[in-house]
Amino acid sequence: MWMLMYLSYLLMGMSFILLGLTGLMGYFQFSIWDANHIQLSLISSILYMFTETLIMFYFIITGKKIKEYIKENECDIELYQGIIKMKMKLFPHITINMMIVGAQFILGGAVHSGSFPGWAHGIMFDIAFIHFIWVIIIQHNCFKENTELVITLHNQVHLKPQS
């Protein structure tokens, strides 16, 4: 569990850097590592989509395991409500941001072919990137809440008075 969480943080950071570089390349028309804007946007989008999908599955799987742990160890079922609230807070933002970034990538092709204005593509990038920063903050808070819940459950089970 911990390694997957650390991997998620690493991939979030890499996605942030690559998406930021892709945006800067689009605005200022330069290349990095012999990759042009289109090539880096493909790499950035793939890494970003993989990262966000991984994070969603992390919360789905840990939520399932926490629910099983609560049932097996007869813990307070109210603790599971925290997982549900966390998912309700996190998943809509991840999904919306993935749709915006995916659409942004597709519209990049339309800009390249001259069918969509570059200025609108730039504004959409700004919105997607600012929202991604917000998503990262929400993800971080949810990782913290999830960890605190695991610790609480562990303490409830292993620090129970023996009868």
Side-chain angles (χ1 to χ4, degrees), residues 1-28 30-70 72-73 75 78-108 122 124-159:
M1 179 177 118
W2 306 114
M3 290 304 293
L4 192 55
M5 186 171 65
Y6 295 141
L7 177 63
S8 296
Y9 273 105
L10 175 68
L11 292 172
M12 276 192 295
M14 290 172 60
S15 294
F16 178 80
I17 290 168
L18 286 175
L19 286 173
L21 282 173
T22 300
L24 290 173
M25 287 174 73
Y27 281 122
F28 300 111
F30 63 92
S31 62
I32 296 177
W33 307 304
D34 290 330
N36 62 29
H37 175 68
I38 295 170
Q39 293 165 330
L40 192 63
S41 67
L42 175 63
I43 293 166
S44 301
S45 296
I46 290 171
L47 179 67
Y48 165 82
M49 293 295 178
F50 172 77
T51 301
E52 296 308 311
T53 303
L54 177 73
I55 291 170
M56 288 179 82
F57 277 106
Y58 171 86
F59 283 102
I60 291 168
I61 291 167
T62 56
K64 184 178 185 305
K65 292 297 180 183
I66 287 171
K67 187 176 184 179
E68 289 173 5
Y69 189 83
I70 288 172
E72 288 172 7
N73 294 287
C75 296
E78 273 301 306
L79 291 171
Y80 187 69
Q81 291 304 313
I83 294 291
I84 293 171
K85 287 178 187 173
M86 207 181 318
K87 288 179 182 178
M88 288 176 65
K89 183 178 6 174
L90 179 64
F91 284 13
H93 283 286
I94 291 177
T95 304
I96 288 168
N97 198 252
M98 288 176 75
M99 288 176 17
I100 295 169
V101 170
Q104 182 67 4
F105 176 74
I106 292 167
L107 287 175
M124 282 185 64
F125 170 79
D126 293 341
I127 292 168
F129 196 70
I130 290 167
H131 187 254
F132 180 49
I133 292 168
W134 179 242
V135 169
I136 289 172
I137 292 167
I138 294 171
Q139 288 171 340
H140 172 68
N141 291 333
C142 287
F143 276 125
K144 282 180 13 184
E145 288 177 36
N146 196 56
T147 301
E148 289 167 2
L149 181 60
V150 169
I151 291 168
T152 300
L153 285 170
H154 176 78
N155 290 340
Q156 270 191 7
V157 171
H158 295 288
L159 299 179

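Residues take their numbers from the sequence shown, with the count starting at 1. Because the structure is a prediction, the values reported are computed rather than measured.
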Could you measure the distance from the [atom1] atom of [X] to the [atom2] atom of [Y]? Nearest 0.5 Å is fine.
{"X": "Phe59", "Y": "Met86", "atom1": "CZ", "atom2": "CE", "result": "6.5 Å"}
{"X": "Leu79", "Y": "Ile70", "atom1": "CG", "atom2": "CD1", "result": "5.5 Å"}
{"X": "Leu47", "Y": "Leu40", "atom1": "CG", "atom2": "CG", "result": "10.5 Å"}
{"X": "Cys142", "Y": "Leu90", "atom1": "SG", "atom2": "CG", "result": "4.5 Å"}
{"X": "Met88", "Y": "Gln81", "atom1": "CE", "atom2": "CD", "result": "10.0 Å"}
{"X": "Tyr69", "Y": "Leu149", "atom1": "OH", "atom2": "CG", "result": "11.0 Å"}

Can you list the residues that meet the side chain to side chain contact (heavy atoms under 4.5 Å, CB included) rule with [X], with sequence neighbours excluded?
{"X": "Phe30", "value": "Leu24, Met25, Phe28, Ile32"}
{"X": "Phe125", "value": "Tyr27, Gln104, Phe129"}
{"X": "Glu148", "value": "none"}
{"X": "Ile46", "value": "Leu42"}

Among residues at least two apart in sequence or on other chains, which ones pass salt bridge (Lys or Arg N to Asp or Glu O under 4.0 Å) with Glu78? none

Quick one: list whatever passes salt bridge (Lys or Arg N to Asp or Glu O under 4.0 Å) with Lys89, sequence neighbours left out. Glu145

Which of Ile55, Leu7, Leu54, Ile17 passes side-chain contact (heavy atoms from CB on, under 4.5 Å) with Met12? Answer is Ile55

Only one of Asn146, Leu4, Val150 passes side-chain contact (heavy atoms from CB on, under 4.5 Å) with Thr62; say which it is. Asn146

Under the side-chain hydrogen bond (donor to acceptor under 3.5 Å, both in side chains) rule, collect the residues that match up with Thr51, sequence neighbours excluded. Ser15

Taking side-chain hydrogen bond (donor to acceptor under 3.5 Å, both in side chains) as the test, write out the residues that go with Ser45, two or more places apart. none

With a cut-off of 3.5 Å and sequence neighbours excluded, list every side-chain donor-acceptor pair involving residues 92-100.
from: His93; atom 1: ND1; to: His131; atom 2: NE2; distance (Å): 3.2
from: Thr95; atom 1: OG1; to: Phe91; atom 2: O; distance (Å): 2.8
from: Asn97; atom 1: OD1; to: Tyr48; atom 2: OH; distance (Å): 2.4
from: Asn97; atom 1: ND2; to: Ala128; atom 2: O; distance (Å): 3.2
from: Asn97; atom 1: ND2; to: His131; atom 2: ND1; distance (Å): 2.9

Using every non-hydrogen atom in the two residues, find where Leu19 and Ser44 come nearest and quote the distance to one decimal. CD2-CB, 3.8 Å

When you look at Thr22 and Ser41, which way does the side chain to side chain donor-acceptor pair (under 3.5 Å) test go after all the steps? CA-CA 6 Å; Thr22 300; Ser41 67; 6.0 Å; no

Under the ring pair (Phe, Tyr, Trp, His ring centres under 6.0 Å) rule, collect the residues that match up with Tyr9, sequence neighbours excluded. His140, Phe143

Got Tyr6 and Leu10 here, is their nearest side-chain heavy-atom distance under 4.5 Å? no

Side chain to side chain, Trp2 and Thr147, heavy atoms closer than 4.5 Å: yes

Between Asn73 (side chain only) and Cys75 (backbone N and O only), is there a donor and an acceptor less than 3.5 Å apart? no

Sequence neighbours excluded, every pair satisfying salt bridge (charged side-chain N to carboxylate O under 4.0 Å, His left out) that has a member inside residues 42-69: Lys64-Glu68, Lys65-Glu68

